[in-house]
Structures are given as structure tokens and as C-alpha cells.
2 protein chains.
Amino acid sequence: MKLTTKGRYGLRAMVDLAVNTDDEAVALSQIAERQGISLNYLEQLVARLKKSGIVNGIRGAQGGYVLAMPAEEISVGDILRALEGDLSPVDCYELNSTDTPCGSSDICVTKYVWKRISDSINDAVDGIMLSDLVAESKKVQAEAGIRQVKQTNQTC
Amino acid sequence: MKLTTKGRYGLRAMVDLAVNTDDEAVALSQIAERQGISLNYLEQLVARLKKSGIVNGIRGAQGGYVLAMPAEEISVGDILRALEGDLSPVDCYELNSTDTPCGSSDICVTKYVWKRISDSINDAVDGIMLSDLVAESKKVQAEAGIRQVKQTNQTC
DNA sequence: TTTAATACCGAGTAATTTAATAGGAATTAA
DNA sequence: TTAATTCCTATTAAATTACTCGGTATTAAA
């Protein structure tokens, strides 16, 4: 029941991109250095975000990535689902079906549990927009007096 | 972000135990057969439930397992945490601390996301009691006319 | 008193997934 | 032309998962 580094690193990268964006594209090498993530690995994560239409890549020198839409329109749920796949606690194609084809009922019964967990996770992450995290990040950074320290603790 | 078979099988086993319990202990071999789970593996799952004080083992012939308390007092959260460990999306010992020791704020910012996911998962599973699943199971079984079919679909 | 049924315990293992690393091709601003 | 960049695919070491296996201890019942 844990997110992988895809989700953890990827969300950090998205906050970094959104915070450090001006009118120019942000190069992955910069994000990688700021966040202490390997460039090669970060490329793979961002490829998923691009595939989901959350960021756009700009190729060539002075290229980089930009948000594909305003941060107010990108939810943490969009980001995490792009990185991790669906956030349901079980892989069950009929989680959302209404019929109950199970003979013994235990499976059907636990299905309601999985559904409720799934819904609560998705509600939680869809209720947080990237812009919320950007605002929080800027607030914390202002309080800290722009004391910029290199990341070492990667547990979260 | 998936539960393992420990959580999936283990919750099914707990519902089975609670449904099929009379005044006698229920042998794991019976649960294993009804649920289509290997006995050896089921033993390992139930060991965790016992360690958490959710079930009691009764050794010897005619032995088995019984709920350690009424099903009304056992939440799905208790069961899943016993089987899976904590249900937080990240392993972060300071998720619940109030100070923000991070230099760059991105880690601190994403921590709020992990906290909200964690809280929503735990709220969801703590709000469902084993007795709720037992009631639901009996209802479904009554509707189906006790058409008992061997489990084959193990995806949920 | 024996037997059979059961919980309890620890080691081992194949398959899968994760978390990268590595190296190159394509594109483009300077 | 060059350097910076995205883009793409393959490989790999380590960790985790999902078991299997083989036993020991305990106890009710025959």
C-alpha cells in the first residue's frame, strides 16, 4: 500500500516545475539537481506526465518542459495517476460494476471495502490542486528566508 | 499503491471466520478450502492477525481460530493494518510531526499530500466494522438462495 | 494410550516489480 | 556547427511478493 518513487519523485518534480516556471521552459537537468533525482530516471517519470497531457516538452537547446495547463487545473490526482497508474487498492476491472456475479459472497463483500478505499483516495487527491502546493511552497520558502538547502532526505 | 494478497486474502478469511463461526473454533483448513487459499500461506496471514490480538488460536484436535472480540468491535482498518503494516502511502516517520525541518520546501509540501491520503484511507477503513461485512455477506447469500459456488476469481 | 487433527514455526525459492543505469538518436537555439 | 536538450529503448541489481516445504507442539477423541 505504498507509493513508489515514481509518485514521490514525480510529484516533487511537478511542484518544482510549477514553482520555478517563468515564461521559459524548465530543463530537467535543473529539476534533477534541485531535487536530487537522477536525470535519466526523471526523464522516465516526466515521459509519463507528458503522455497524460500534463506537461509539454520543448525540444532542442534552451528547451525543457512547461505545464500543459494552469496549475489551478492540474490536480494531485491527475499527477499521481499519470505516474502510478490507477490508485485503487486492488486491480479489479469490475470494481465499478453494479452486478454481483460472485457465488460465495465474501469476494463481493470485500469489493465494497476496496471501492470505498479507492473512492476516498481519489477524492483526497482530486481535492488538492498543484496551485495549492505551489502557494504552500512559496509561503514556506518565504518564512524560511529563502534558506535553500540541498535535498538529502528522500524518504517522503 | 496496491494491497498485497496478504490484505486481500486475509480480509476474506476474516469475513469467512466471522460468518462461519458458531460456538466452536473454525479450522484454517476449512477457511482455506472455502476461500481457495493455500493452507500454508493462510497460516502466515492468520499469524499476523493473532499477533495483533484480533483472533485467538486454539491448539490441538478440534482446535482452530476464534475472533478475539465481537465482530462489532473489529474494524477493517484493524485487520488491514495487522496484515499489511501501516496504510500510509509513504514510509515517513515524521509524517505526523508538526515541525518542518526541510530546507527546500517541496518535500514538506508533498508531506501534506501524503498525510491527507493517509488520513482518508484510515478514516475509510476504520469506518467499516467486520460486523458490517458479515451482515452484508448474509444478506447477499440469502438473496442468492445459498447457491454456494467455489471461488475461482481471486482478483479482488 | 494411541492417533489424528490441528496450531505454530522457520527456512527456502521462483517470479515479479522496482529503481535505477546506460547509451544513443532526434531536435533546435545560439 | 555546436551544445543543450528532449526522446527512446535496453539492461540490470536489489528488493519484495507469494508462496512451498517440512517440521514441532498440543490436545480432543477413539
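Lettering follows sequence order; numbering is per chain, from 1.
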Main chain of A/Met129, side chain of A/Asp132: is a donor-acceptor contact present, judged purely on distance under 3.5 Å? yes
I'd like to know if the side chain of B/Arg12 reaches the main chain of A/Thr110, judged simply by a donor and an acceptor atom lying under 3.5 Å from each other, with no hydrogens or angles considered. no
D/dC7: pairing nucleotide in any strand, Watson-Crick or G-U under 3.5 angstrom: C/dG24
Test item: A/Ser38 side-chain N/O and A/Tyr41 main-chain N/O as donor-acceptor pair under 3.5 Å: yes
Salt bridge (Lys or Arg N to Asp or Glu O under 4.0 Å) pairs, two or more places apart, involving residues 69-82 of chain A: A/Asp78-A/Arg81, A/Arg81-A/Asp126
If I take atom CG in residue B/Leu42 and atom P in nucleotide D/dA18, what distance separates them, rounded to the nearest angstrom? 15 Å
Atom-to-atom span, CZ of A/Arg48 to P of C/dA20 - whole angstrom: 13 Å
Pairwise 5' ranking along DNA chain C for A/Lys6 and B/Ser29, keeping only the more 5' one: B/Ser29
I'd like to know if the side chain of B/Glu84 reaches the main chain of B/Thr4, judged simply by a donor and an acceptor atom lying under 3.5 Å from each other, with no hydrogens or angles considered. yes
Tell me: CG of B/Asp91 to P of D/dA15, nearest whole Å? 15 Å
Heavy-atom donor-acceptor pair, B/Ser88 side chain to B/Val90 backbone, under 3.5 Å: yes
Quick test: give all pairs of protein nitrogen or oxygen and nucleotides 21-25 of chain C nitrogen or oxygen below 3.5 Å, distance rounded to 0.1 Å.
from: C/dT21; atom 1: OP2; to: A/Ser38; atom 2: OG; distance (Å): 3.0
from: C/dT21; atom 1: O4; to: A/Gln44; atom 2: NE2; distance (Å): 2.4

Heavy-atom nearest nucleotide on DNA chain C taken for A/Gly60 and for B/Val26; more 5' hit belongs to B/Val26
Protein-nucleotide distance (A/Lys2, atom NZ; C/dA19, atom P), rounded to Å: 13 Å
For C/dA7, does either OP1 or OP2 sit under 4.0 Å from a side-chain N or O belonging to B/Lys50? no
A/Asn56 CG to D/dC7 C1', straight-line distance once rounded to whole Å: 14 Å
Provide, to the nearest angstrom, the distance between the CD1 atom belonging to B/Ile31 and the C1' atom belonging to C/dA7. 13 Å
Selection from D/dC7, C/dA7, C/dA19 that lies nearest to any side-chain heavy atom of A/Thr4: C/dA19
Starting at CD of A/Gln62 and ending at P of C/dA26, how long is that distance when rounded to a whole Å? 22 Å
Does B/Ile54 offer a backbone N or O that forms a donor-acceptor pair with the side chain of B/Ser52 under 3.5 Å? no
Compare side-chain N and O positions of A/Tyr9 against OP1 and OP2 of C/dA20 and report whether any pair is under 4.0 Å apart. yes
Once you round it to whole Å, what is the distance between C1' of D/dT26 and OH of B/Tyr65? 13 Å
